[in-house]
Number of protein chains: 2
Amino acid sequence: MQLTLDLDSEVPIYQQIRDRIVEAIADGALAAGAALPSTRQLGMDLAINFHTVNKAYDLLRRQGFIRINRKSGAVVRRDRLSGPPEAGFADEWQSRLRTLLAEAVAQGLSPQEVQQRAGSVLESFATPKGSMT
Amino acid sequence: MQLTLDLDSEVPIYQQIRDRIVEAIADGALAAGAALPSTRQLGMDLAINFHTVNKAYDLLRRQGFIRINRKSGAVVRRDRLSGPPEAGFADEWQSRLRTLLAEAVAQGLSPQEVQQRAGSVLESFATPKGSMT
DNA sequence: GTATCTGTTCTATTATTTGTATAACAGCTA
DNA sequence: TAGCTGTTATACAAATAATAGAACAGATAC
């Protein structure tokens with residue numbers, strides 16, 4: 001679970017943890033069913049408070065990325081990468097996509113380069129990564 | 001300057017203003033050189049404090065989207081949509097793009113659909129909109 | 001000139017968020 | 001039994017978000 005975060009970033013730590021784990025899921029580094037470290041363990045590894053990790057996990061759970069049981073701990077949901085997304089997700093997501101793409105276009109990136117970069121990222125998700133069972 | 005914001009959103013008001021204006025620039029609704037309303041005027045229209053609008057404008061200025069003079073007020077930069085983006089922008093932007101695309105893929109959207117939605121958004125930017133001179 | 005609008009800056013207050021900290025309880029497991 | 005775990009509760013300091021009032025200076029309109 002090599003997970004790097006930037007303590008000087010304006011992005012909250014719990015948000016960074018969430019983002020890195022979501023990327024690891026899309027990546028294939030965290031396969032469906034894979035177990036996440038315990039909040040106390042990950043807090044130790046990252047040298048941060050375990051409540052901050054707990055907040056990130058709770059966010060991932062509320063957004064449907066993981067399941068948390070008292071037994072098995074935090075586990076990547078099995079019915080995610082296969083089935084369709086939650087209702088209403090796609091629309092809300094696309095509006096955020098619109099904002100992000102607008103930023104690049106308004107900064108002078110050509111639509112062609114934007115599309116190419118998006119394709120490059122998606123390609124990096126498609127190529128399977130080493131999973132951590 | 002029809003600009004809708006959601007006061008119940010978790011996204012700060014000043015950030016929403018920034019986002020909507022960036023989208024209007026990418027959109028073509030705000031052409032290069034176009035003048036933005038004064039902070040007091042926009043604050044009146046949106047029924048919010050003008051300091052909040054000022055914060056949004058200051059953010060747009062620091063990110064290079066607009067120029068602010070005491071004479072002409074806030075104006076969309078002319079040397080943006082033509083020239084290349086600021087140094088180091090593309091890399092930082094792509095890492096944010098990676099996070100956003102990962103979210104969609106991890107939620108179950110196929111890479112094909114993601115790419116199609118990105119294309120759809122970029123297409124909406126390409127088709128010229130009515131500008132507000 | 002006077003009045004008005006503007007950007008800019010300063011201070012202040014309230015509410016919320018962020019991160020840390022300590023403690024406790026209950027369930028599982030070696 | 002002992003240890004690890006998820007979970008919940010409370011507390012605190014720091015930063016952020018939004019509002020508010022006031023003041024100054026430059027530009028514009030009458």
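Because only heavy atoms are used, hydrogens play no part in the values below, and waters and symmetry mates are left out as well, while side chains stay in. Below, read A as the first sequence line, B as the second, and so on, with proteins coming before strands; counting in each chain starts at 1.
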Donor-acceptor pair, side chain of Gln16(B) and main chain of Val11(B), under 3.5 angstrom: yes
dG19(C) OP1/OP2 closer than 4.0 Å to side-chain N/O of Lys55(A): no
Residue pairs fulfilling salt bridge (charged side-chain N to carboxylate O under 4.0 Å, His left out) with at least one residue in residues 105-119 of chain A, sequence neighbours excluded: Glu113(A)-Arg117(A)
Using a cut-off of under 3.5 Å, enumerate the N/O to N/O pairs linking the protein to nucleotides 12-14 of chain D.
none

Phosphate contact (dG6(D) OP1 or OP2) by Thr39(A) side-chain N/O below 4.0 Å: yes
Distance in angstrom units between Asn54(A) CG and dT22(C) C1', rounded: 15 Å
Spacing of Arg67(B) atom CZ relative to dT8(C) atom P, expressed in whole Å: 13 Å
Any Thr52(B) side-chain N or O less than 4.0 Å from OP1/OP2 of dA18(D): no
Listed once per pair and sorted, the side-chain hydrogen bond (donor to acceptor under 3.5 Å, both in side chains) pairs that draw on residues 3-14 of chain B, sequence neighbours left out: none
Rounded distance (Å) that lies between atom C1' of dT7(D) and atom CG of Asp58(A): 10 Å
Contact pattern, 5' to 3', of nucleotides 23-30 of chain C - B, S or - by protein heavy atom under 4.0 Å: BB-BSS--
Gln107(B) side chain reached by Phe65(A) side chain, heavy atoms, under 4.5 Å: yes
Spacing of Leu3(B) atom CG and Leu42(B) atom CG [to the nearest 0.5 Å]: 6.0 Å
Whole-Å distance separating the CG atom of Asn49(A) from the C1' atom of dT10(D): 14 Å
In one Ile/Leu/Val/Met/Phe/Trp/Tyr side-chain cluster, 4.5 Å: Val114(B), Phe89(A): yes
Non-neighbouring partners of Glu92(B) that pass salt bridge (charged side-chain N to carboxylate O under 4.0 Å, His left out), sequence neighbours left out: Arg96(B)
Sequence-distant partners of Thr127(A), side-chain contact (heavy atoms from CB on, under 4.5 Å), two or more places apart: Lys129(A)
Under 3.5 Å, which N/O atoms of the protein pair with N/O atoms of nucleotides 1-4 of chain C?
none

Separation of atom CG in Leu42(A) from atom P in dT5(D), rounded to whole Å: 11 Å
Nearest-angstrom distance from the residue atom CG of Leu7(B) to P of dA17(D): 16 Å
Selection residues 34-49 of chain A - residue pairs positive for salt bridge (charged side-chain N to carboxylate O under 4.0 Å, His left out), sequence neighbours left out: none
Whole-Å distance separating the CG atom of Leu46(B) from the P atom of dA18(D): 13 Å
For Arg61(B), salt bridge (charged side-chain N to carboxylate O under 4.0 Å, His left out) partners two or more places apart: Asp58(B)
Anything under 3.5 Å between a donor and an acceptor, one on a side chain of residues 18-37 of chain A, the other on a protein residue two or more places apart or in another chain? List them.
from	atom 1	to	atom 2	distance (Å)
Arg18(A)	NH1	Gln63(A)	OE1	2.6
Arg18(A)	NH2	Glu103(B)	OE1	3.2
Asp19(A)	OD1	Gln15(A)	NE2	3.3
Arg20(A)	NE	Glu23(A)	OE1	3.2
Arg20(A)	NH2	Glu23(A)	OE2	3.0
Glu23(A)	OE2	Thr99(B)	OG1	2.6
Asp27(A)	OD1	Arg98(B)	NH2	3.0

Neighbours of DNA chain D within residues 8-21 of chain A, by heavy-atom distance under 4.0 Å: none
Ser38(B) vs dC5(C): side-chain N/O to OP1/OP2 distance below 4.0 Å: no
Shared hydrophobic cluster, Phe50(B) / Leu5(B) (ILVMFWY, side-chain heavy atoms < 4.5 Å): no
Side-chain donor-acceptor pair present, Asn49(A), Thr52(A), cut-off under 3.5 Å: no
Whole angstrom value for the distance that separates C1' of dT19(D) from CD1 of Ile48(B): 11 Å
Atom pair CG (Asn54(A)) and OH (Tyr57(A)), whose distance is rounded to the nearest 0.5 Å: 9.5 Å
